[in-house]
Structures are given as structure tokens and as C-alpha cells.
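Below is one structure, written out as C-alpha cells, with a few remarks after it.
Residue numbers start from 1 in every chain, and the chains themselves are labelled A, B, ... in the order their sequence lines are given, proteins ahead of strands. Every heavy atom of this structure was used, including side-chain atoms; hydrogens, water molecules and symmetry mates were not.
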Amino acid sequence: MSTFDTIPQTKQEMLVEILLRLADDRLILGHRLSEWAGHGPELEEDLALANVALDMIGHASALYEYAARLENKPDEDHYAYFRDDIDFKNIALVELPKGDFAFTIAREFLFSSFSYFLYKELIETVEDEQFNGMLQKHFKEIKYHLRHSREWVLRHGDGTEESNRRIQDAFDELWMYTGEMFEMDEMSRIAAQNNLYVDVSNWKQEWKELINSTLEEATLTVPDYNQYMFSGARHGRHTEHLGFLLAQMQFLRRSYPDAEWK
Amino acid sequence: MDTQKQLDDFQKRIDNGETIEPKDWMPERYRKQLIRMMSQHAHSEIVGMLPEGNWITRAPSLKRKMVLLAKVQDEAGHGLYLYSGTETLGVRRKELIEDYIYGNAKYSSIFNYPTLSYADICVIGWLVDGAAIVNQTMLAKSSYGPYARANLRICKEESFHKKQGYEMLAKMASGTAEQKRMAQDAVNRWWWATLMMFGPHDSDSPNSAELIKWGVKTKTNDELRQHFVDRSVMEAEAIGITLPDPDLTYNEETGHWEFGDIPWDEFWSVVKGDGPMNRERIKSRRKAYEEGEWVRKAAAEYARKKKLVKAS
Amino acid sequence: MSDTSTQSTEWPLWEVFYQPSDGKPFEHAGSVHAPDSEMALQNARDTYARRNEGIAIWVVPSDQITASSPEDRGPFFDPANDKAYRHPQFYTVPRAVKKRK
């Protein structure tokens with residue numbers, strides 16, 4: 001719990017909180033992926049990474065836009081450009097620096113496999129029509145992200161010695177940031193009771209099986225699930241990296257807040 | 001050696017407006033010129049991702065961030081279409097790429113200038129992509145089929161590039177004092193470099209006549225440039241932007257806008273490698289290519305292993 | 001071209017065909033480089049279907065395509081011209097049938 005956290009009281013406040021958690025994850029990871037534009041390992045892959053980045057920023061934008069309507073805020077940009085790092089609710093996994101291609105792929109795989117199960121379950125659960133419509137639309141693209149990253153995990157693991165080493169290092173490094181995906185804080189529990197979120201422990205086992213089978217097929221070692229896990233980013237306790245990301249993302253908009261930029 | 005009869009027959013096909021396809025007979029020099037021109041065009045698209053990519057993480061709204069990312073992605077696509085087209089002439093993409101990152105193959109000099117403010121992104125859309133469209137619309141009718149088809153596809157996608165830039169520049173030009181200043185400053189920096197995109201004057205362009213004779217191009221550098229200037233003057237006026245050329249005057253007789261002297265010394269010096277960003281651009285592309293090697297190798301190795309398993 | 005081509009890896013070339021919409025024949029879109037067929041499909045999608053062009057994609061290794069040669073232009077395709085019975089215009093349709101249209 002951070003200093004300024006309050007537990008939402010109304011159903012609408014809960015919905016906004018969930019929308020922002022989902023959106024922040026996607027905006028920040030989309031931003032990190034967009035850093036590849038023009039620097040991909042091959043032309044075709046430059047296009048692929050940009051597609052994934054565009055999907056994620058697009059998902060974030062749609063979710064923010066809905067939150068803005070519910071909260072009577074001016075627009076989706078309010079959340080992206082005018083909040084500080086302690087307000088951002090994304091997990092730390094997505095804010096870590098871009099890394100090499102192996103790191104990028106390992107992170108995309110961990111995140112999109114998590115998103116895949118989360119969205120699948122949310123679509124079954126969420127009663128709010130608008131929210132559910134969005135989830136269904138985005139789910140199609142998430143399936144593609146999962147396919148893209150899973151195929152690349154296999155090619156890294158079972159490719160060359162170097163690619164195997166690089167992606168093993170990436171999984172080892174990222175592992176302590178996977179815990180936050182499955183945290184059920186008080187807010188998540190209440191939201192789940194109101195059919196706005198789901199109990200993630202329901203399918204954690206399925207997620208593990210997908211991870212284990214993929215890593216095994218890729219001849220990689222699955223890191224220890226019971227190691228130390230980073231925690232707190234959903235409540236504004238981020239890594240040191242988010243501040244720099246936001247400084248870059250927000251500087252122009254904040255320097256001239258009265259100007260038209262859309 | 002190409003015989004005179006072959007050359008005459010080839011010229012006849014061009015004059016009849018026929019399209020030349022990869023397996024058709026063609027003069028060796030036609031093939032060489034096309035490889036040079038198409039690969040330069042492809043390199044330009046790829047290097048062009050860098051100055052614009054520079055602003056993706058700082059774009060001032062989510063809408064503009066997505067627009068810019070989609071545009072930079074399109075450029076990768078356009079480079080890819082053009083490399084594909086060039087590969088039909090019997091060269092490998094790898095050779096072409098290594099020719100510009102390690103050798104001295106050229107790309108459009110316009111991308112050797114820095115993008116200093118967000119307004120540069122708008123001006124690149126309006127002027128640089130605008131100039132590219134003028135050129136590519138002509139090239140969509142090129143005599144070489146794969147080149148014409150690649151350009152046709154590019155033109156279809158590129159019109160949004162120009163529109164988004166012009167739209168946002170118009171907003172900045174009628175926005176706050178700071179926005180106006182950024183917009184005008186960006187136009188001042190990019191205008192002359194854009195005019196140079198059409199290449200040297202016809203009198204100094206040794207390749208032009210031959211390319212026109214072969215139907216690779218259908219208009220001269222100066223014709224295209226004039227068309228572009230006429231249009232840009234109107235567009236600048238419409239949004240309250242001043243083009244940085246005191247000599248711009250309308251000629252009633254010709255119906256064209258006459259413009260001042262283009263700084264050709266600067267042009268040739270940037271072409272030869274001495275521009276503000278030449279070295280950095282090449283360094284960035286070289287880094288991406290070299291750091292991509294282990295990735296390409298890994299996937300190739302994986303494919304090889306799978307094939308072996310399948311075969312056994 | 002450069003004589004000093006490095007030892008760097010290049011993935012093979014694939015030709016991409018896409019079906020513009022339901023019921024339409026496939027069209028050639030262009031080509032992509034990819035290490036294998038799965039990646040070729042993904043790359044084709046990301047390159048040639050960014051704007052919803054197409055509902056289905058085929059990828060074929062470029063070196064697996066056999067094409068007619070330009071010298072075939074005449075003999076290969078002309079024969080149909082003097083076989084009028086292959087073209088629908090060769091046949092007359094009774095008036096009554098025409099009227100019904």
C-alpha cells in the first residue's frame with residue numbers, strides 16, 4: 001500500500017482503477033517496444049515489433065479513453081501525460097529498459113502469455129458491455145503477440161549457443177518481476193467480487209504450464225518460481241527506470257500544456 | 001555484349017509503353033541503373049526511419065505517437081518493397097545493405113539533417129513526404145514492372161504521411177507563440193534541403209536523359225521540382241507559414257513560381273558525406289545490422305535443425 | 001556490387017500471395033525474407049497486411065517457383081487464339097434465352 005492509495009468505494013471507481021492498471025501496463029510496454037523502430041535485427045522484425053507496439057499503445061489509448069469518460073477527465077492523454085510516476089499502476093516488468101532482442105522477446109512472451117489468460121477470463125466475467133467489447137477486440141491481437149513471441153523464444157532457445165545464453169539470461173533477469181502479475185491485492189479481490197477483475201490464482205497453473213512447456217521445448221531452464229519477487233509497482237513503488245521513461249514521454253506535452261497537440 | 005538489334009528491340013518495347021519484367025532481356029546498363037536507383041530509394045526509406053524515430057518516445061499525444069510510429073513502420077515496409085523489387089534484378093538484399101553501411105552507396109541526403117523539435121516531424125510529413133510523393137507518383141509508371149508496382153503500393157500508403165504532417169503543422173502555425181516559432185523554424189531549416197531532394201539541375205544530371213529514354217523516369221528533376229514549388233507555395237500560404245526564400249515570385253506568363261538559387265555547394269558536400277548527421281546515421285544503421293547478426297543466425301540455425309529432424 | 005560482402009547471415013526469400021477478400025483469387029504481393037515458413041507467414045502478415053489487405057496469405061520459397069520464360073511469350077500463349085471454340089463468343093444463344101435476361 002502506498003501513501004496515497006485509497007480503496008475505491010463505488011463500482012465505477014473500481015472499474016476506472018482496473019482500466020488504468022491494464023492501460024498503464026500496455027502503454028509502458030508499447031513505449032519500450034517503440035524504441036526498436038529503425039533499430040530491429042532485420043527489416044521484417046522492425047515491422048513486427050512496431051506492430052506489437054502499436055497494438056499495445058492502441059489498447060492503452062482505448063482503455064484510458066473510457067476511463068476519461070467515466071471520470072470526466074478531458075481525454076486519454078490526461079492519464080499518459082499528466083500523472084507522475086507514483087500514480088502509474090503498471091507492473092515493473094514492463095518499465096525495465098529495452099535490453100537486447102532476447103530480452104525484448106522474453107518479456108513480450110511473459111507479458112502476452114499473462115495477458116492471454118487474463119483477457120480470456122475477463123471476457124467471460126466482465127459485465128460492463130463497453131469494457132468487454134474492448135477486451136474482445138484486443139484479445140485477437142494479444143493472441144498474435146503470444147504467437148510472435150513464443151515462436152521467437154523457440155528460435156532463441158534452440159538456435160545457437162549465443163541465442164540460447166542470451167534468452168536464458170533474459171528469463172533469469174526478468175523472473176523476479178513476474179510475481180506482480182499474479183498479485184491479488186485488496187483492490188483486485190474487491191474488483192473480482194464485483195465481476196470487474198478475476199482471481200488470477202485460478203489460472204496461474206495454466207500459465208505456468210505454458211511457460212514450462214515452451215521453455216522446455218526451447219531447451220531452456222525454467223527459473224525458480226519461489227525466488228524473491230519484486231512488488232509494489234501497482235501502488236506507485238516503481239523501479240528507477242520509470243521516471244526517466246516518463247520524463248522523456250511527457251516533457252513536450254507538459255512544457256506547453258495549453259497548446260493543441262492532437 | 002548487347003547487340004544493336006537487341007537494343008533497338010528493347011527501345012521499341014519501351015516506346016510502345018510495354019512493361020519490362022525481371023526475366024525479359026534488358027541492356028546491362030538498364031539493369032545497372034535500376035539497381036542503383038532502386039536500392040538508393042530503398043536505403044533512403046530505411047535511413048529515413050531514424051530522424052523521425054527520434055521523436056516517437058517524445059510525441060506530445062497518444063494519437064501523434066501512434067501516427068508517427070505507424071509512419072516510421074511504413075517506411076520500413078517501403079524499404080522492404082523496394083529491396084524486394086531490386087532483388088528481382090538478381091542481387092541480394094544483403095549485398096545492397098552492406099553497400100551503403102560499409103561502402104559508399106548513396107541515399108537521399110535529406111536524412112542527413114537532424115530533427116530538433118517536434119515541428120520537424122510535421123515538416124518532414126508535409127515537405128519531405130510531399131516531395132517523395134511527387135517523385136513516386138511518376139515512378140509508379142516506370143518501365144520496370146517490379147519498380148512501378150512497389151511505387152504504386154508506396155503511393156497508396158504514403159498519402160497519409162503527408163496529410164498528417166500538414167494537418168499538425170497547420171495546428172502549430174495557428175497555435176501558441178511557442179508552437180508558431182517551432183513551426184517556422186522547422187520550415188526554415190528544411191525548405192532548401194527539400195528542394196535538393198529532386199536532384200541536381202537537368203543540366204548537371206548525367207543520368208537523367210538516359211533514364212527518361214528508358215522510361216524509368218518520365219519527368220526531369222527540374223520539372224518535378226517546379227511542380228513541387230508551385231504546390232508548396234499555396235500550401236504554405238494557406239496555413240500562414242513563410243517559405244524562407246525572398247526571391248519567390250509568381251511569373252504570370254509561365255504560371256509558375258520562380259525561386260532563388262539553391263545552395264548546391266551544400267548539396268554536394270552532404271552527398272559526399274559531409275553533412276551534420278551522415279556519420280551518425282550510418283553508425284546507427286551499422287549497429288542495428290551488426291547487433292542483428294546473432295538473431296538472424298539463431299533463427300537460421302533453428303530452421304536448419306528442424307529441417308534435419310524432418311528429413312530423418 | 002561490393003566484393004567485400006561479409007559473412008553475415010541472410011534468411012531465404014519467400015514470395016507472398018494474399019487473398020484480398022472472400023471468394024477472390026490470390027494475388028502476388030511481393031516478397032519477404034524469413035528463416036522458415038512460420039516466420040515467413042508472420043513477416044508477410046506484418047509487411048503486406050498492415051492495413052487489412054487480405055484475409056488469407058500464402059508463402060512460397062522463391063526458389064521453388066517455376067516461371068515461363070519471355071521467349072515462350074509467343075508459342076506458349078498463342079495457341080488459344082486460333083481455337084475459337086474455347087471462347088464463349090464462339091457460341092450463339094437462342095433469342096428466347098437472350099430475351100429472358
Per-residue tally against chain B (heavy atom, under 4.5 Å) across A/Asp258, A/Leu154, A/Leu245, A/Leu49 peaks at A/Leu154
Between the NZ atom in A/Lys98 and the OG1 atom in B/Thr57, the distance rounded to the nearest 0.5 Å is 11.5 Å
Honestly, the part of B/Ile56 sitting under 4.5 Å from a heavy atom of chain A is side chain
Side chain of A/Arg253, backbone of B/Pro60: donor and acceptor closer than 3.5 Å? yes
Chain A shares the most heavy-atom pairs under 4.5 Å, among B/Gly53, B/Gly292, B/Ser174, with B/Gly292
If one checks every heavy atom of B/Met66 against chain A at 4.5 Å, the contacting part turns out to be both
Turns out that what part of B/Lys287 lies under 4.5 Å from chain A's heavy atoms comes down to neither
Closest non-hydrogen atoms of B/Met168 and A/Lys262, given as atom of the first, atom of the second and distance, are SD-O, 4.0 Å
Closest heavy-atom pair, B/Ser61 versus A/Asp77, reported as atoms and distance to 0.1 Å, is CB-OD2, 3.0 Å
Of the listed A/Ile105, A/Asp46, A/Leu252, the one with the largest count of heavy-atom pairs under 4.5 Å with chain B is A/Leu252
Applying a strict 4.5 Å limit to non-hydrogen atoms, the region of B/Thr176 in contact with chain A is side chain
So, the part of A/Trp152 with a heavy atom under 4.5 Å from chain B: the answer is side chain
Residue pairs passing the ring pair (Phe, Tyr, Trp, His ring centres under 6.0 Å) test with at least one member in residues 67-93 of chain A, sequence neighbours excluded, are A/Tyr64-A/Tyr79
Minimal heavy-atom distance between B/Arg64 and A/Trp261, with the atoms involved, is CG-O, 3.4 Å
Checklist line | Charged N-O contact under 4.0 Å between B/Arg296 and A/Glu45 | finding: no
Cut-off 4.5 Å, heavy atoms of chain B, and the answer for A/Asn164 is neither
More than 12 heavy atoms from other groups under 6.0 Å of CD on A/Gln136: yes
Honestly, the part of A/Phe251 sitting under 4.5 Å from a heavy atom of chain B is side chain
So, the part of B/Leu80 with a heavy atom under 4.5 Å from chain A: the answer is both
Bottom line for A/Ala80: the part with an atom under 4.5 Å from chain B's heavy atoms is side chain
Bottom line for A/Glu161: the part with an atom under 4.5 Å from chain B's heavy atoms is neither
| query | How far apart are the C-alpha atoms of B/Gln73 and A/Leu54, what are their side-chain angles, what is the distance that settles it, and do they pass the side chain to side chain contact (heavy atoms under 4.5 Å, CB included) test? | reply | CA-CA 10 Å; B/Gln73 184 198 37; A/Leu54 275 169; 3.7 Å; yes
Correct closest heavy-atom pair for A/Leu43 and B/Gly79 would be CD2-C, 4.4 Å
Worksheet entry | B/Arg181 atom CZ: more than 12 heavy-atom contacts under 6.0 Å | no
Heaviest contributor of heavy-atom pairs below 4.5 Å to chain B, chosen from A/Gln250, A/Met249, A/Glu151, is A/Met249
Counting heavy-atom pairs under 4.5 angstrom with chain A, the leader among B/Lys297, B/Lys63, B/Arg58 is B/Arg58
Under 4.5 Å to a heavy atom of chain B? For A/Arg166 that would be side chain
Looking only at B/Ser284, B/Gly77, B/Gly175, most heavy-atom pairs under 4.5 Å shared with chain A are made by B/Gly77
Okay, A/Ala60 and chain B: the region with an atom under 4.5 Å from a heavy atom over there is neither
Counting heavy-atom pairs under 4.5 Å with chain A, the top scorer among B/Arg93, B/Arg304, B/Met49 is B/Arg93
Does NZ in B/Lys283 sit with more than 12 non-hydrogen atoms of other residues, nucleotides or ligands closer than 6.0 Å? no
Applying a strict 4.5 Å limit to non-hydrogen atoms, the region of B/Arg285 in contact with chain A is side chain
So, the part of B/Val295 with a heavy atom under 4.5 Å from chain A: the answer is both
> Do the rings of B/Trp294 and A/His156 sit parallel, tilted or perpendicular, given the 30° and 60° boundaries?
Replying inline: perpendicular
Of A/His39, A/Glu260, A/Gln248, A/Glu76, the largest count of non-hydrogen pairs under 4.5 angstrom with chain B goes to A/Gln248
If one checks every heavy atom of B/Glu178 against chain A at 4.5 Å, the contacting part turns out to be side chain
Among A/Thr160, A/Leu47, A/Asp100, the residue with the most heavy-atom pairs under 4.5 Å to chain B is A/Leu47
- Message: Is the shortest side-chain heavy-atom distance between A/Glu65 and B/Leu62 below 4.5 Å?
- Response: no
